[in-house]
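Structure first, then comments.
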Amino acid sequence: RSESARDHTPSGLGTGNSPITIYCAASNQAVMEAIVADYRRQRGGNVFVNYGPSQGLLSQIEVSRTGDLFLPADDSYLHMAQRRGLISEMFPIGTMRAVVIVQRGNPKAIHSFDDLLRDDVRWVQANPEAAAIGRITELTWQRLGLSKAAEAATAAYRGNVTEAAADVVIGSADAAIVYDCMEHNYPGLDIVELPELKTAVSQFGVGLLSTSRHPAAAKQFVDYVTSPEHGLVRYREYGFHELPNDRPLTNP
Amino acid sequence: MIRLSEITIEAGDFSLANLSLEIQPREYVVLMGKTGCGKTSLLEILCGLRKPTSGSVWIGGTDVTHYSPGDRQIGYVPQDLALFPTMSVAEHLEFAWKVRGASRKHITAQRERTAEMLAITHLLDRPVHGLSGGEAQRVALGRALALEPAVLLLDEPLSALDEQTRDEMLALLLSVKDATHVTTLHVTHHSGEAARLADRCLRIENGCLVEQ
Amino acid sequence: MIRLSEITIEAGDFSLANLSLEIQPREYVVLMGKTGCGKTSLLEILCGLRKPTSGSVWIGGTDVTHYSPGDRQIGYVPQDLALFPTMSVAEHLEFAWKVRGASRKHITAQRERTAEMLAITHLLDRPVHGLSGGEAQRVALGRALALEPAVLLLDEPLSALDEQTRDEMLALLLSVKDATHVTTLHVTHHSGEAARLADRCLRIENGCLVEQ
Amino acid sequence: MTPIQRRSDVPFFLVMGGISSCFVILIVLLLAADIAFTSFADFRSAMAKPEIQSSIRLTVLSCSVSAILAVLVAVPLAYLLSRFRFPGRVIIDTLVDIPLVLPPLVLGLSLLILFHLPLGHSQWELESWLREDVGFPVTYRWPAIVLAQFTVACAFAIRTMGVTFDQINPRSEDVARTLGCTRMQAFTQVALPQAGRGVVAAFTIAWARALGEFGPILVFAGATRMRTEVLSTSVWLEFSVGDLDSAVAISLLMVLIAIAVLLALRGLGTLRLGVAASPGARSR
Amino acid sequence: MTPIQRRSDVPFFLVMGGISSCFVILIVLLLAADIAFTSFADFRSAMAKPEIQSSIRLTVLSCSVSAILAVLVAVPLAYLLSRFRFPGRVIIDTLVDIPLVLPPLVLGLSLLILFHLPLGHSQWELESWLREDVGFPVTYRWPAIVLAQFTVACAFAIRTMGVTFDQINPRSEDVARTLGCTRMQAFTQVALPQAGRGVVAAFTIAWARALGEFGPILVFAGATRMRTEVLSTSVWLEFSVGDLDSAVAISLLMVLIAIAVLLALRGLGTLRLGVAASPGARSR
Ligand SMILES: Nc1ncnc2c1ncn2[C@@H]1O[C@H](COP(=O)(O)OP(=O)(O)OP(=O)(O)O)[C@@H](O)[C@H]1O
Ligand SMILES: Nc1ncnc2c1ncn2[C@@H]1O[C@H](COP(=O)(O)OP(=O)(O)OP(=O)(O)O)[C@@H](O)[C@H]1O
Ligand SMILES: [Mg+2]
Ligand SMILES: [Mg+2]
């Protein structure tokens with residue numbers, strides 16, 4: 001109560017109660033909705049969340065130069081935004097790992113990369129140019145020298161990770177490479193962790209836009225999201241991993 | 001050749017009940033009557049564009065009441081002409097033979113013959129757009145005559161012609177009548193026309209067909 | 001009232017050169033001529049639907065050559081009638097007054113009067129679709145007459161009427177001529193019609209306007 | 001006389017019906033697949049969410065506004081293009097098709113760029129001017145939705161009205177003008193009533209297209225729940241959290257809404273225009 | 001006689017032109033914004049990529065195939081709907097609008113579901129049957145692109161043809177039948193030539209729409225470079241790697257292709273149909 005009382009003290013532009021806008025990747029939609037609801041309840045702050053594909057959000061920020069926070073699907077977009085001077089500060093939130101999602105009970109018995117190469121397995125992955133997960137898996141394949149095999153065996157490259165997962169739900173693919181946190185969204189599917197993909201990990205975080213008109217309010221929300229008692233609880237609940245240690249996002 | 005038996009027509013408020021009519025092969029019958037008395041409706045029943053409420057239509061000994069217009073072997077010159085807006089005059093004259101799949105040679109010959117008869121040879125290349133009233137009427141007449149059909153239904157086919165051209169066309173219709181086996185039902189308001197052409201003259205009066 | 005000076009018409013292969021014509025106020029002029037000689041074209045130049053290649057058109061002392069048809073204060077009964085497919089008969093008779101923003105009362109009165117004159121009162125509620133040829137022609141006539149225009153251009157306005165109705169309409173046109181100050185140019189093929197109506201009778205012959 | 005033979009029209013209906021049914025069956029199958037995929041419970045639970053309810057309201061409202069605007073603009077533009085030959089006519093005629101051609105993403109982006117492109121030295125920007133001086137922010141608000149829908153819907157409406165006016169014989173407008181009409185009156189009183197069915201069709205197509213619009217809205221208006229969320233956005237948001245059933249359920253809801261609206265329009269069309277607007281068998 | 005007064009048509013052209021220009025200006029501005037955003041160098045470098053070249057080929061090919069198919073299906077369907085009253089007519093008339101209404105994502109999903117829905121106990125599946133027994137895989141391949149484009153393009157073509165046939169007076173078909181035509185001949189020889197402009201418009205709209213199609217293709221055909229990459233996919237891929245300039249450049253390329261095709265169609269239309277197909281001032 002005392003916290004919320006502090007927030008309700010009269011304040012001018014740019015402090016606690018100003019409504020803020022966050023550009024949030026669709027992959028974080030479920031958890032962000034929960035956090036915003038909590039935040040509104042506990043702190044009374046008003047947050048508008050604009051969902052979209054990360055790159056689309058980035059262009060919106062770049063063109064319109066409005067809004068306060070940017071939470072893309074992985075930190076590569078944050079770095080890109082930073083390079084273009086759109087972001088003044090970055091705050092890490094957690095990590096996601098690439099895994100294989102299969103139908104309940106894993107009927108095609110997919111346990112390793114070699115299983116993906118079998119003739120009776122149709123699998124899809126996200127386009128490496130279009131989606132963060134596509135990029136990190138592609139890098140992993142390259143490192144392991146599996147690129148060629150992977151490309152030849154892929155039934156199709158999908159627009160984003162959600163489409164890839166939907167393929168498994170619909171049955172047009174037997175397996176898809178997705179983030180492990182998506183297990184929470186698809187209770188009807190099973191997750192298989194491929195040994196080859198152990199190192200395919202994405203970090204993600206939230207950036208404070210340099211164009212923000214309410215940096216104080218935005219910072220306050222960031223604190224809430226990254227607080228181990230509030231936001232991160234929700235993140236864990238929705239299947240995301242915390243950062244291994246409290247290290248900040250690395251600049252490439 | 002043509003037999004209407006107990007035909008009843010209804011359209012909106014208008015109705016004609018129990019019309020019967022018989023026309024012998026090669027007979028030329030003229031039908032007259034006040035405006036709005038149902039002459040066009042009767043022709044449309046004969047050619048199948050309108051369904052009678054009751055009664056039956058016979059052509060050449062066949063009950064064609066439920067035949068589609070295309071199977072009735074008639075030539076029809078509608079009062080509103082209804083020329084085909086995308087076709088040239090030549091195509092109009094060729095139309096009936098073309099849809100019957102006649103040979104190119106036959107089609108051309110028929111077209112030339114018909115165009116000459118109707119004095120519209122100079123119009124053959126023209127689209128119908130821009131034809132004068134009388135020219136359009138002769139094209140509509142030619143479209144029906146080209147086929148030399150067994151039955152000819154003419155709905156005021158000469159109304160837009162000047163007196164001289166009308167006389168020429170009258171002579172033409174008479175010669176067609178003599179040269180072919182065509183049975184004709186001709187609607188007109190012009191008693192001179194009727195007198196010159198008719199083997200028999202009918203009137204629709206008070207909803208009944210009467211001989212004159 | 002109407003003056004055409006040195007009008008030249010060209011359309012496709014057809015042309016008429018150097019036509020001049022003067023019609024006095026209240027004069028009733030009948031225009032005749034062979035089919036396709038350019039009667040309709042002449043009327044369309046008068047009402048502004050066709051532009052002359054050269055020459056000028058005067059109505060009531062004003063050079064209206066470049067006026068739009070709507071500003072020429074004429075009533076036109078086209079040969080093809082060109083009724084408005086979405087309007088009822090009543091709306092046709094009201095049309096000219098409505099577009100002039102007349103009072104509702106005046107419009108209704110004019111409509112009733114015109115419908116009675118033309119004996120189409122029973123058709124007032126009908127859409128034009130389904131009218132018989134003669135009915136449609138009277139509607140087109142009524143649409144132009146309703147306004148009591150200064151100039152009336154009639155293109156074979158009675159061609160689709162039976163003889164009795166035609167006589168009635170002739171009488172009507174005569175009474176309109178006497179009752180109002182209308183100047184009329186009337187195209188017809190019917191010499192009886194011409195004889196009864198005309199103050200003066202013109203013909204287009206070999207591309208020239210000649211008096212008869 | 002050759003004896004009368006009756007030719008059957010059955011081949012006609014078989015061929016025409018056969019070809020036609022390809023498409024109808026495809027659509028029925030699509031709907032069936034959707035229905036098989038979802039359940040009535042999904043449908044009900046989707047309907048119960050307050051976000052969806054507000055989304056329905058916003059959708060119906062924005063679609064109606066943009067369809068009305070689209071028809072209002074399409075009718076005069078199509079009429080001018082169909083009736084007059086003026087310099088630049090072909091250019092305009094081609095320009096109006098461009099919203100159909102631009103990929104949705106680019107259309108949205110173009111709108112966004114348009115509203116945020118700084119002009120000249122003063123760095124004047126349409127959106128800031130609208131927001132600060134006019135008090136009517138567009139980007140990321142409902143006007144952006146309407147504008148995005150309008151741009152595409154209008155292009156379709158123009159094509160539909162164009163075909164309509166092309167097929168209407170200008171003769172009756174000409175004759176109307178001899179009876180004292182100005183061009184404006186000939187247009188409103190003679191041409192427009194004849195175009196009745198075309199207007200209804202244009203409105204229908206504009207409304208339906210606005211309902212299905214997604215890409216440009218996502219980019220130009222964003223996807224903020226309860227604020228710029230239309231049903232197509234809702235579908236995508238549900239899909240993004242992996243709730244396919246719910247996404248399909250909402251789409252079926254859209255289909256239902258569309259059917260209701262289209263049937264209502266059709267009813268209205270027949271009622272108001274009646275048989276009169278259809279070129280009758282004997283009308284002249 | 002009241003003295004003749006000349007009323008000006010200027011207000012008519014001002015009002016009509018004013019309203020019309022709203023939309024034209026909007027589109028010009030959109031294009032201008034795009035052009036301002038990119039440069040000729042971007043354009044050239046985009047054109048040089050082999051992916052883009054193969055994408056252009058696939059796009060032109062698939063758009064043409066689906067537009068042709070769309071018109072082939074739309075013409076008979078629209079004719080039947082416009083000329084005949086049969087049970088279920090209203091249902092079909094409403095069904096054909098559904099592809100317009102479905103959000104792109106859902107349309108793609110529906111197609112995907114349709115091809116992969118296991119049927120009955122045998123778990124028979126359309127796609128596996130096509131792939132294994134017929135040897136013609138659809139999903140994730142070019143046929144999926146054509147099918148996705150066709151579904152939407154056809155809906156538009158049907159509406160366009162519907163308006164066209166609605167405005168054509170059936171009277172001349174009737175009279176043609178009295179001259180010995182079957183229904184089929186009346187359709188092909190009398191109705192269809194009159195619908196010439198409508199067919200061109202329907203093809204145009206179908207082609208343009210197929211070109212702009214994106215969502216359903218992405219979902220149903222995927223975004224595999226050089227295999228299921230059409231220009232709208234290319235735009236999106238370029239955009240996704242953050243290369244906005246290139247994305248906009250490719251969109252402008254699409255606009256150019258579209259303009260070329262539309263102008264060619266228009267030329268063809270005028271050439272073949274000439275003045276004849278337009279209801280002339282004095283035709284009956
Ligand atoms: N679809 C319809 N609905 C209502 N009334 C109709 C319809 N069709 C015809 N009628 C009416 O039936 C009557 C007969 O019409 P029809 O065209 O047969 O007359 P007609 O004898 O040919 O007259 P005209 O000599 O003027 O051409 C007319 O009064 C007409 O108004
Ligand atoms: N647009 C056009 N293109 C070519 N020729 C035309 C055009 N308009 C009219 N004509 C020709 O001009 C001539 C005059 O036509 P017009 O309609 O004036 O004749 P008319 O005297 O009214 O004949 P009718 O008594 O048959 O109605 C006709 O031969 C017609 O074919
Ligand atoms: Mg009649
Ligand atoms: Mg004439």
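Chain A is the first sequence line, chain B the second, and so forth, proteins listed ahead of strands; every chain is numbered from 1.
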If you count heavy-atom pairs under 4.5 Å with chain E, which of [options] comes out on top?
options	answer
D:L109, D:V75, D:I250, D:L81	D:L109
D:L211, D:V28, D:I113, D:V24	D:I113
D:A258, D:S110, D:G198	D:S110
D:V152, D:L107, D:V255, D:L252	D:V255
D:L29, D:L117, D:V248	D:L29
D:W207, D:Y79, D:F214	D:Y79

Can you tell me which portion of [X] sits under 4.5 Å from chain D's heavy atoms? Options are side chain, backbone, both or neither.
X	value
E:I158	side chain
E:L105	side chain
E:Q185	side chain
E:R7	side chain
E:A36	side chain
E:L262	side chain
E:I27	side chain
E:L69	neither

Quiz prompt | Nearest heavy-atom neighbours spanning D:P99 and E:F23 | solution = CG-CZ, 4.0 Å
Quiz item: At their closest point, which heavy atom of E:S20 faces which heavy atom of D:P76, and how far apart are they?
Solution: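 Shortest heavy-atom separation between E:S20 and D:P76 comes out as OG-C, 3.6 Å.
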Any chance you could measure [X], atom [atom1], to [Y], atom [atom2], to the nearest 0.5 Å?
X	Y	atom1	atom2	value
E:L26	D:T151	CG	OG1	5.0 Å
E:I98	D:L30	CD1	CG	9.0 Å
E:M184	D:S8	CE	OG	11.0 Å
E:D9	D:R177	CG	CZ	6.0 Å
E:M16	D:L80	CE	CG	4.5 Å

Heavy-atom cut-off 4.5 Å, strictly under: side chain, backbone, both or neither for [X] against chain E?
X	result
D:L231	neither
D:L95	both
D:A210	neither
D:I259	both
D:L111	both
D:T204	side chain

Is any side-chain heavy atom of [X] less than 4.5 Å from a side-chain heavy atom of [Y]?
X	Y	answer
D:I19	E:L77	no
D:D166	E:T164	no
D:Q167	E:I168	yes

Quiz item: Aromatic rings D:F156 and E:F156: how do their planes relate, parallel, tilted or perpendicular, breaks at 30° and 60°?
Solution: parallel
Return the option, out of [options], with the maximum number of heavy-atom pairs under 4.5 Å with chain D.
options	value
E:S82, E:A155, E:A247	E:A155
E:A201, E:C154, E:S21, E:S232	E:C154
E:I257, E:L102, E:I91	E:L102
E:D93, E:L263, E:V106	E:D93

Quiz item: Going by an N to O cut-off under 4.0 Å, is there a salt bridge joining D:R266 and E:D97?
Solution: yes
